[in-house]
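Being a predicted model, the structure only gives us computed values, none of them experimental.
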Amino acid sequence: MANIKTCAWCGREYDYDKSAAYAKWSYCSQKCEVDAKAAGK
């Protein structure tokens, strides 16, 4: 069963279990996580 979340950075819906981000409960990818942290979010 897919665990669908919404990315805190880009707003895209993603499957929590397939996210490559460290904080996969918040971001759909490592790129979004890095971009958000660089922007101070």
Discussion item. Is it the case that the side chain of E33 and the backbone of A23 share a donor-acceptor pair, with hydrogens and angles ignored and the cut-off at 3.5 Å?
Written reply: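 Yes, the answer is positive, given that a donor and an acceptor are paired below the 3.5 Å cut-off.
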
Discussion item. Has S19 got a side-chain atom pairing as donor or acceptor with Y27's backbone, closer than 3.5 angstrom?
Written reply: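 Side chain of S19 to backbone of Y27, a donor-acceptor pair under 3.5 Å: yes, one is there.
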
Could you give the distance from [atom1] ([X]) to [atom2] ([Y]), rounded to the nearest 0.5 Å?
X   : Y   : atom1 : atom2 : value
R12 : S29 : CZ    : OG    : 6.5 Å
Y14 : K5  : OH    : NZ    : 6.0 Å
K24 : Q30 : NZ    : CD    : 12.0 Å
D15 : I4  : CG    : CD1   : 5.0 Å

Discussion item. K31: which residues meet the salt bridge (charged side-chain N to carboxylate O under 4.0 Å, His left out) condition with it, sequence neighbours left out?
Written reply: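 Salt bridge (charged side-chain N to carboxylate O under 4.0 Å, His left out) list for K31, sorted by chain: D35.
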
Worksheet item: Quick one: side chain to side chain contact (heavy atoms under 4.5 Å, CB included) partners of A39, sequence neighbours excluded?
Response: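 If we apply the side chain to side chain contact (heavy atoms under 4.5 Å, CB included) test to A39, skipping adjacent residues, the hits are W9, K41.
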
Practice prompt. Give the C-alpha distance, both sets of side-chain angles, the deciding distance and a yes or no for side chain to side chain contact (heavy atoms under 4.5 Å, CB included) between C10 and C28.
Written response: CA-CA 8 Å; C10 71; C28 65; 3.8 Å; yes

